> 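Can you read through this structure? Questions will come right after.
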Amino acid sequence: MDERSNIITIDGPGGAGKSSLAKRLAQSLGWVDLDTGAIYRAVALALFNKGVLNPTAELAGQMAQTLNLKFQRTGGTLRLFLDDQELGESLREPAISKLASVVSAFKETRQALLPLQRSLGQKGELVAEGRDMGTVIFPEAKLKFFLEAAVEIRAERRFWELKAQGKGTPLSEVLADLQTRDRSDESRSLAPLVKTPESVVINASHLGLEEVFQFARAKAQEVFGL
Ligand code: DC
């Protein structure tokens with residue numbers, strides 16, 4: 001089998017649980033998980049650190065092109081470094097989420113980040129999550145999930161996550177933010193968030209991570225004969 005088809009993609013809106021599912025699935029298969037949202041967030045963080053809050057497409061593209069971004073594999077995790085500094089929770093700040101949504105809509109950013117993402121799939125055995133994994137980055141993947149959940153439920157889950165981190169962002173604000181990002185991810189002309197005809201759709205509105213994982217793992221076993 002071509003190594004590159006030995007890939008599972010997970011696309012879906014923000015807050016649906018893609019990262020948790022990708023991690024869990026990769027761990028159980030002994031594969032690697034790739035969070036591509038973190039790459040867009042890293043571009044946003046680099047711009048933010050330079051004081052650029054309203055970048056033009058050219059500036060965002062230039063930043064994406066010249067960014068000193070590296071992935072380091074540790075066990076089944078791909079750790080992300082910017083200028084040799086590991087990126088963590090700073091990527092999740094609301095200001096960075098907003099800026100990441102803006103920069104990810106530019107063709108210049110997406111083109112600049114495409115080779116890096118594809119190269120990470122060269123050896124296969126990858127669970128890649130984002131918005132365009134199954135449509136643009138790894139169209140040859142043998143198993144594609146589309147993970148969705150009602151926006152109110154995603155907002156509530158995110159609200160409690162933030163609360164656990166000591167952040168008191170009001171639920172109404174979390175909901176409005178997610179709705180704005182959904183609109184922008186779905187309506188942009190380039191690589192919009194869409195289901196492919198072959199996507200296995202999972203609606204996680206009323207399912208916990210464990211149930212979603214068990215379903216996805218069973219599918220993976222069936223498709224890859226594991
Ligand atoms: O999944 P996330 O919330 O970490 O993604 C951050 C932003 O990047 C979000 O606005 C969507 C965008 N994104 C994208 O356009 N394509 C991807 N493959 C992954 C994320």
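The shown structure was predicted, so the numbers you read here are calculated from the model rather than taken from an experiment. Atoms within each ligand, like the ligands themselves, are counted from 1 in listed order.
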> Looking at Glu89 and Arg92, is there a salt bridge between them, counting it only when a charged N and a carboxylate O are closer than 4.0 Å?
no
> Tell me, which protein residue and heavy-atom name are nearest atom 7 (C) of ligand 1, and how many Å apart are they?
Ala100 CB, 4.0 Å
> Out of all atoms in ligand 1, which are within 4.0 Å of some heavy atom of Met133? Include the element for each.
18 (N)
> Do any nitrogen or oxygen atoms of Tyr40 lie less than 3.5 angstrom from nitrogen or oxygen atoms of ligand 1?
no
> Evaluate Gln117 for polar contact with ligand 1, using N/O atom pairs at a separation under 3.5 Å.
no
> Taking 4.0 angstrom as the limit and counting only heavy atoms of Arg92, give me the atoms of ligand 1 inside it, by number and element.
4 (O)
> Please state which protein non-hydrogen atom is closest to atom 16 (N) of ligand 1 and give its distance, to 0.1 Å?
Arg110 NH2, 3.0 Å
> Output yes when Glu210 and Arg24 qualify as a salt bridge under the 4.0 Å nitrogen-oxygen rule, no when they do not.
yes
> With a cut-off of 4.0 Å, which atoms of ligand 1 are near a heavy atom of Ser101?
10 (O)
> Any nitrogen or oxygen of Asp35, main chain or side chain, under 3.5 Å from a nitrogen or oxygen of ligand 1?
no
> Report the part of Arg188 in contact with ligand 1, treating N, CA, C, O as backbone and CB onward as side chain, heavy atoms under 4.0 Å; options are side chain, backbone, both, neither.
side chain
> Tell me whether ligand 1 is touched by Lys98 - counting only heavy atoms on the residue side and a distance under 4.0 Å.
no
> Hey, are Thr36 and Glu129 close enough side-chain-wise for a donor-acceptor pair under 3.5 Å?
no
> Give the contacting part of Arg41 toward ligand 1: side chain, backbone, both or neither, where contact means a heavy-atom distance below 4.0 Å.
side chain
> List the closest protein heavy-atom neighbour of atom 5 (O) of ligand 1: residue, atom name, distance to the nearest 0.1 Å.
Gly37 CA, 3.5 Å
> Taking all non-hydrogen atoms of both residues, which atom of Leu126 and which atom of Trp31 are closest, and how far apart?
N-CE3, 3.5 Å
> Under a 4.5 Å side-chain heavy-atom rule over Ile, Leu, Val, Met, Phe, Trp and Tyr, are Leu207 and Val201 clustered together?
no
> For ligand 1, does Asp185 get within less than 4.0 Å through its side chain, its backbone, both, or neither, judged by non-hydrogen atoms?
side chain
> Using 4.0 Å as the upper bound for N to carboxylate O, is an ion pair formed by Arg131 and Asp11?
no
> Got a salt bridge between Lys70 and Asp84, using NZ or NE/NH1/NH2 to carboxylate O under 4.0 Å?
yes
> For Thr36 and ligand 1, does the shortest N/O to N/O distance drop below 3.5 Å?
yes
> Among all the protein's non-hydrogen atoms, which is closest to atom 1 (O) of ligand 1, and how far away is it?
Arg131 NH1, 2.8 Å
> How many angstroms lie between atom CZ of Phe106 and atom CZ of Arg188, to the nearest 0.5 angstrom?
11.5 Å
> Any chance you could measure Ser20, atom OG, to Leu25, atom CG, to the nearest 0.5 Å?
12.0 Å
> So that I can tick it off, tell me whether Arg154 and Asp182 are bridged by a salt bridge, with the cut-off set at under 4.0 angstrom between side-chain N and carboxylate O.
yes
